Asks: 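Before we start, here is the structure in question, set down as structure tokens.
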Protein chains: 2
Amino acid sequence: MSNEQALEQYDVKKYRTPDGYTSDIAIFTIISTHTEAFKPPSMDLKIMLIQRSMVDSEGRPNIEAGKWALPGGFVDPNETAFQSAIRELREETGVDHIHLEHFGVYDKPGRDPRGWIISNAHYAIVPEHQLAGRQANDDASAVELFSVKDVLELDLAFDHEGIIKDAISIIQQKLLSTTVAREFLPEHFTYSELQAVLLTVTNDSAIASDASFARKIKSLPFIQEISGQKTTRTSKKPTQLYRFVDAEVNNTIYHAKK
Amino acid sequence: MSNEQALEQYDVKKYRTPDGYTSDIAIFTIISTHTEAFKPPSMDLKIMLIQRSMVDSEGRPNIEAGKWALPGGFVDPNETAFQSAIRELREETGVDHIHLEHFGVYDKPGRDPRGWIISNAHYAIVPEHQLAGRQANDDASAVELFSVKDVLELDLAFDHEGIIKDAISIIQQKLLSTTVAREFLPEHFTYSELQAVLLTVTNDSAIASDASFARKIKSLPFIQEISGQKTTRTSKKPTQLYRFVDAEVNNTIYHAKK
DNA sequence: TAAATAGTGTCTGTCAGACAGTATTAG
DNA sequence: CTAATACTGTCTGACAGACACTATTTA
């Protein structure tokens with residue numbers, strides 16, 4: 001029996017269907033603070049939020065007006081939520097080709113006053129300089145970066161407080177358990193630059209200690225020394241540069257790392 | 001400005017909306033093979049699939065009839081996809097209170113011939129004995145367990161081949177990087193029983209070697225020896241029993257485990 | 001020369017994993 | 001006693017992390 005026959009008799013209206021399908025994006029960046037010559041960076045993990053306009057593009061009062069929210073929007077019928085997130089990120093901030101990952105579905109009844117609306121949440125990692133040209137568009141009256149330390153004190157739209165909480169804990173965990181830290185760094189980086197990224201989410205002594213971390217970076221299987229390449233951007237003494245290489249990282253709790 | 005005003009003017013039909021919202025469940029179980037007295041178990045990781053009926057409950061030809069598929073169904077408007085998965089698992093297999101976790105969204109246009117249908121995929125871990133009473137219901141003409149080794153050779157419905165692939169790699173990874181292995185085991189277990197579970201997804205020497213693993217289990221922070229409790233179900237020599245305890249497991253690639 | 005960052009030398013303790021040997025019990 | 005599983009004894013090498021010390025450069 002063919003699907004064609006079955007489809008002819010299929011009633012697409014048999015089940016009640018959602019009123020909307022959206023995509024939200026937690027855009028993370030790391031801002032270097034205290035940038036001076038010959039100093040290693042000190043970094044702060046930030047998340048980008050928009051402030052919802054008081055009126056929508058057609059001049060009518062907006063839902064959750066004035067509150068801070070994750071950027072996002074409705075998924076088109078010819079794309080996946082993931083593609084929609086890529087598109088919205090491009091429209092919203094003008095950045096492209098960056099690390100984007102799905103991390104959760106938010107579909108609790110009542111989460112959106114407009115109806116049964118399902119949202120897929122993603123996180124994106126955008127290097128600091130790429131957010132330079134960001135600006136508010138139709139839907140948003142402001143775009144701003146907030147340190148993850150105090151973003152939860154804002155008045156947040158919908159159920160975005162929960163989504164943001166989840167996003168922060170995901171990125172903190174991913175930074176230490178995967179190599180996403182590379183997305184925050186230039187292609188070639190020093191041990192102290194990687195260290196600064198990791199210190200935004202941990203204060204483990206093995207990472208915080210210069211001597212330990214400088215030694216450790218040489219034994220990490222997914223990081224490679226670039227022989228002969230040095231920089232003086234972080235210190236007066238020329239510093240070795242490293243790069244990430246693709247190497248599978250096995251991460252089991254039942255035995256030591258290799 | 002209040003949300004009430006904004007909602008009055010909101011047009012829920014402004015965006016095209018999905019034609020359906022479903023939940024799929026990859027139900028895993030581990031079957032002990034070669035069960036004999038005084039022998040440690042040998043285990044095989046299985047996934048439960050249903051075979052789609054030729055006709056639906058109203059006697060009409062069914063979509064993807066005859067093919068094997070993940071159990072699942074449409075999400076009700078008053079529940080989340082996760083709750084729906086719990087409900088369907090109960091209806092489908094009669095099991096409740098088991099480990100269930102979301103692992104992916106499948107929303108590629110065209111994935112379902114019936115229209116724009118979004119599916120949330122979950123995996124569930126069900127102890128062997130709980131699946132005893134399983135049976136085919138309306139929608140399914142058969143229910144069967146397949147070894148993950150050969151399940152991908154079946155004729156699978158919709159995009160379930162991709163979902164099942166993802167599910168298998170997720171559970172393999174989770175078994176080694178989290179404590180979900182406990183869900184496959186009785187409350188009290190021997191080192192060789194845990195070992196058998198882990199050997200379904202790895203052949204690492206540190207786990208495969210009896211002597212190494214028997215020693216290692218004592219130093220795992222999330223496993224506790226039950227002092228004085230022994231069993232002879234796996235050997236003639238009475239064997240120490242262990243239990244899982246809740247302990248956070250930090251899993252970073254940048255430094256050794258504790 | 002002082003100050004600051006980037007390392008290296010070295011020691012200590014821990015621990016993984018290999019291998020061999022011992023312990024316990026049913027039949 | 002044998003066979004099978006469950007351990008324990010012991011050794012080796014690696015390695016993490018601490019701490020002190022050295023190296024390199026600018027101002």
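So you know, we letter chains A, B, ... as the sequences are listed, proteins then strands, and number each from 1. What you see is a predicted model, and the numbers here were worked out from it, not measured in a lab.
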Asks: Using atom CZ of B/F38 as one end and atom C1' of C/dT24 as the other, report the distance to the nearest whole Å.
Replies: 12 Å

Asks: Would you say A/S235 reaches D/dT24's phosphate, i.e. side-chain N/O to OP1/OP2 under 4.0 Å?
Replies: no

Asks: Answer yes or no: is there a donor N or O on one side and an acceptor on the other, between the side chain of A/E92 and the main chain of A/G72, under 3.5 Å?
Replies: no

Asks: Nearest whole Å is fine: how far is C/dG17 P from B/R215 CZ?
Replies: 12 Å

Asks: In whole angstrom, give the distance that lies between atom CZ of B/R233 and atom C1' of D/dA6.
Replies: 14 Å

Asks: At under 4.0 Å between heavy atoms, what does B/T234 touch on the DNA or RNA strands: base, sugar-phosphate, or nothing?
Replies: sugar-phosphate

Asks: Is the phosphate of D/dC15, meaning OP1 or OP2, less than 4.0 Å from a side-chain N or O of A/S219?
Replies: no

Asks: For a quick test of reading the model: is some side-chain N or O of B/K218 closer than 4.0 Å to OP1 or OP2 of D/dT8?
Replies: yes

Asks: Does C/dA6 have OP1 or OP2 sitting under 4.0 Å from an N or O in the side chain of A/Y191?
Replies: yes

Asks: Please pick, from D/dA18, D/dA16, D/dT8, the nucleotide with the shortest atom-to-atom distance to any side-chain atom of A/K216.
Replies: D/dA16

Asks: Short question: side chain of A/S219, backbone of A/K216 - any donor-acceptor pair under 3.5 Å?
Replies: yes

Asks: Under 4.0 Å between any heavy atoms, over every strand shown, what does B/T232 touch: base, sugar-phosphate, or nothing? Just pick one.
Replies: nothing

Asks: Within the 3.5 Å criterion, strictly below it, is a donor on A/H122 or A/D24 matched to an acceptor on the partner's side chain?
Replies: no

Asks: For C/dG7, take OP1 and OP2 only and decide whether either is under 4.0 Å from a side-chain N or O of A/K237.
Replies: no

Asks: With a 3.5 Å distance limit and no angle check, can you tell me whether A/Q83 reaches the backbone of A/T80 through a side-chain donor-acceptor pair?
Replies: yes

Asks: Starting at CD of B/Q240 and ending at C1' of C/dT24, how long is that distance when rounded to a whole Å?
Replies: 14 Å

Asks: Starting from the 5' end of DNA chain D, give me the residue, A/A211 or B/Y242, whose nearest nucleotide shows up first.
Replies: B/Y242

Asks: From D/dG9, C/dG9, C/dT24, pick the nucleotide closest to the side chain of B/P238?
Replies: C/dT24

Asks: Heavy-atom count check: over 12 atoms from other residues, nucleotides or ligands less than 6.0 Å from A/K108 NZ?
Replies: no

Asks: Please give, in whole Å, the distance from D/dT5 P to B/L241 CG?
Replies: 18 Å

Asks: When you measure from the side-chain N and O atoms of B/S192 to the phosphate of D/dT5, is any distance below 4.0 Å, counting only OP1 and OP2?
Replies: no

Asks: Roughly, in whole Å, what's the span from CG in B/L220 to P in C/dT14?
Replies: 18 Å

Asks: Look at the side-chain N and O atoms of B/K236 and state whether any lies under 4.0 Å from the OP1 or OP2 oxygen of D/dA3.
Replies: no

Asks: Of the nucleotides D/dT8, C/dA6, D/dG17, which has the atom closest to the A/T239 side chain?
Replies: C/dA6

Asks: Between A/Y254 (OH) and C/dG17 (C1'), how many Å, whole number?
Replies: 19 Å

Asks: If you check the A/P40 side chain, which of C/dT5, C/dA18, C/dG7 turns out closest?
Replies: C/dT5

Asks: Please give, in whole Å, the distance from D/dA18 C1' to A/D210 CG?
Replies: 13 Å

Asks: Please confirm whether the shortest side-chain N or O distance from B/S212 to OP1 or OP2 of C/dA16 is below 4.0 Å.
Replies: no

Asks: Using 0.5 Å steps for rounding, measure from the CZ atom of B/F222 to the CD1 atom of B/I217.
Replies: 8.5 Å

